[in-house]
Every structure is written in structure tokens, then in C-alpha cells.
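Structure, as C-alpha cells:
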Amino acid sequence: MTDVPSARGAEVGRRIGVGLMYGLWKPRVLGAWRVPATGPVIYAVNHSHNIDGPMVMGVAPRPTHFLIKKEAFVGPLGRFLTGIGQLKVDRHSTDRTAIARALGVLTDGGVLGIFPEGTRGEGDFASLRAGLAYFAVRSGAPIVPVAVLGSTDRPGRLIKGLPPLRSRVDVVFGDPFDAGDGSGRRTRKALDEATERIQKQLTAHLENARRLTNR
């Protein structure tokens with residue numbers, strides 16, 4: 001049986017994230033009450049900056065297990081990420097171990113964090129990979145769209161790769177929704193249709209989040 005990442009580790013990661021994110025920046029969190037208090041949930045997070053994942057971990061109301069590219073799991077950082085319940089995934093192949101572990105998180109009623117664009121980019125949900133639809137349809141877990149805004153507004157003066165210290169970063173949680181059509185089908189056609197539904201929901205959430213925050 002595949003090991004499911006530690007829920008206790010993810011809670012430790014959340015507490016570390018709280019300290020770091022609120023200590024270094026000024027997160028403004030909107031809509032966190034929309035996240036279901038119990039049961040499996042998938043966060044679909046736009047991805048334009050390296051701090052997007054840690055920011056969501058620190059401000060979200062529940063501990064999060066993110067799928068993170070295996071290249072980040074090197075040396076002490078890799079051991080740390082594993083220790084706080086994060087999931088290593090090979091983005092260039094069908095990583096059955098990562099898939100099984102991610103589904104295990106959802107089966108256990110946990111929160112799975114996914115960057116549906118697959119890699120860091122514009123963060124506008126313009127191009128989604130099929131993984132998010134697969135996890136949502138297979139598990140039946142609702143998707144909560146999450147928009148992180150302000151992390152790329154301008155580089156910091158102290159560390160160019162990070163937003164300016166004490167600058168405001170907005171994190172907007174949307175309403176949970178089901179990706180499937182209710183039939184339970186997991187065919188390629190059903191997953192393609194689910195991906196289209198997801199993209200519409202995520203794009204609409206991002207537009208709404210930008211209006212709310214004036215970003």
C-alpha cells in the first residue's frame with residue numbers, strides 16, 4: 001500500500017507558513033469561509049510566483065498537501081517538504097506513486113493543493129493540464145478555486161526573487177464546485193469535458209478576484 005503523507009506534518013507546515021507569510025508580508029485573505037470545514041477538498045491555485053504555494057499553506061483554514069515538482073525535493077529542502085506532508089511528483093511522466101498518494105489524501109478527507117497550469121507562468125488559468133480533472137472526477141472531491149494576486153507586482157529590493165517585504169498579497173478563495181457531470185464517468189471524453197468546466201470556473205473566479213482586490 002502507498003504511504004499517505006502525514007496530516008500532522010501538513011499541520012506543522014501550515015503553522016510554519018502562518019509565521020513566515022504573516023511575518024514577511026501582509027496577506028489579505030478573502031473568502032476562506034467558503035472552504036468546506038471537513039471532508040476532501042482540492043485547492044486549484046493559480047501559479048505565477050514561487051511563494052504562491054507557501055502563501056496558500058500559511059493562510060488557508062486547513063492544512064494542505066501540495067503536489068510539488070520532484071526537482072524541488074533536493075537535499076535538506078526535500079526532507080523538509082516530505083516532513084510537512086507535501087507530495088513529490090514527476091511532471092514528465094505518469095507518476096503512479098504520486099497519483100496514489102494524492103488520492104490517499106482525498107480518501108482520508110484531507111486537502112490536496114494543485115497548480116492546474118502545471119508550471120509557473122502568467123497565473124491566469126489559460127492552459128490547464130488534465131491532472132486536476134482526473135483527481136476531482138476520480139475522488140468526487142469539490143474544487144475550491146484560489147487566486148493569489150500581488151506576488152508578482154514588483155520585485156523586492158532586498159531579494160529580487162521575492163515580493164517586497166511587508167507588501168500586500170491577496171489570496172481569494174472561491175465557492176466549491178464539482179468538476180464531474182454527476183455520471184461518475186472517467187473516460188477521456190468525460191475528463192476533457194470536466195477540464196472545460198473547470199477552466200470556465202477558474203477563469204471566472206480569477207476575474208472576480210481581480211475586481212474584488214483591484215489588482
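Computation of the quantities below employed the complete heavy-atom set of this structure, encompassing side-chain atoms and omitting hydrogens, waters and symmetry-equivalent molecules. Everything numeric in this text was worked out from a predicted model, so none of it was measured.
Residue pairs meeting the salt bridge (Lys or Arg N to Asp or Glu O under 4.0 Å) criterion with at least one partner in residues 17-30, sequence neighbours excluded, are Arg28-Asp170. Sequence neighbours left out, not one pair with a member in residues 194-207 passes salt bridge (Lys or Arg N to Asp or Glu O under 4.0 Å). Sorted by first and then second residue, the pairs that involve residues 9-19 and meet side chain to side chain donor-acceptor pair (under 3.5 Å), not counting sequence neighbours, are Glu11-Arg14, Glu11-Arg15. Within the structure, salt bridge (Lys or Arg N to Asp or Glu O under 4.0 Å) contacts touching residues 30-49 (residues at least two apart or in different chains) are Arg34-Asp175.
With sequence neighbours excluded, the residues forming a side chain to side chain contact (heavy atoms under 4.5 Å, CB included) with Ala32 are Val29, Pro61, Phe173, listed by chain and number. Checked against salt bridge (charged side-chain N to carboxylate O under 4.0 Å, His left out), Asp108 has no partners two or more places apart in sequence or in another chain. Remark: Asp90 pairs with Lys70, His92, Ser93, Asp95 by the side chain to side chain contact (heavy atoms under 4.5 Å, CB included) rule, at least two apart or across chains. Partners of Thr38 by side chain to side chain donor-acceptor pair (under 3.5 Å), not counting sequence neighbours: none found. Remark: Asp181 engages Arg185 in a salt bridge (charged side-chain N to carboxylate O under 4.0 Å, His left out) (not counting sequence neighbours).
The distance from atom CE of Met57 to atom CD1 of Ile51, rounded to the nearest 0.5 Å, is 13.5 Å. Taking CD1 of Ile198 as the start and CG of Leu132 as the end, the distance is 4.0 Å to the nearest 0.5 Å. Taking CG of Leu87 as the reference point, atom CG of Leu112 lies at 6.5 Å (rounded to 0.5 Å). The line from CG of Leu81 to CD1 of Ile68 is 5.0 Å long, rounded to the nearest 0.5 Å. Taking CG of Leu20 as the start and CH2 of Trp25 as the end, the distance is 8.0 Å to the nearest 0.5 Å.
Of all heavy-atom pairs between His65 and Ala10, the closest is CE1-CB, 3.5 Å. Contact record, Pro163 with Ser167: CB-OG, 3.9 Å, taken as the closest heavy-atom pair. Nearest heavy-atom pair across Ala133 and Ala194 is CB-CB, 4.0 Å. In plain terms, the two heavy atoms of Gly58 and Tyr22 that are nearest each other are O-CE1, 4.0 Å.
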For residues 137-150, which side-chain donor-acceptor pairs fall under 3.5 Å, sequence neighbours excluded?
| residue | atom | partner | partner atom | Å |
| --- | --- | --- | --- | --- |
| Arg138 | NH1 | Tyr134 | OH | 2.6 |
| Ser139 | OG | Phe135 | O | 2.6 |
| Ser139 | OG | Ala141 | N | 3.1 |

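In this structure the side chain of Pro116 reaches within 4.5 angstrom of the side chain of Leu202, judged on heavy atoms. Contact annotation: the side chain of Asn208 approaches that of Arg211 to within less than 4.5 Å [non-hydrogen atoms, C-beta and beyond]. Phe115 is not listed as a side-chain neighbour of Leu67, based on a closest heavy-atom distance of 4.5 Å or more. Using a 4.5 Å heavy-atom cutoff, the side chains of Thr94 and Ile99 are in contact. The shortest distance between side-chain heavy atoms of Arg62 and Tyr43 falls below 4.5 Å.
Judged by distance alone, the side chain of Gln86 and the main-chain N or O of Phe66 form a donor-acceptor pair under 3.5 Å.
Other members of the cluster containing Val172 are Leu30, Leu212, with ILVMFWY side chains joined at under 4.5 Å, either directly or via other members.
Grouping the Ile, Leu, Val, Met, Phe, Trp and Tyr side chains by contacts below 4.5 angstrom, directly or via other members, places Leu77 with Met21.
No option in Val111, Val41, Ile42 other than Ile42 meets the side-chain contact (heavy atoms from CB on, under 4.5 Å) test with Leu106.
Heavy-atom contacts from other residues, nucleotides or ligands closer than 6.0 Å to CZ of Arg188 number 12 or fewer.
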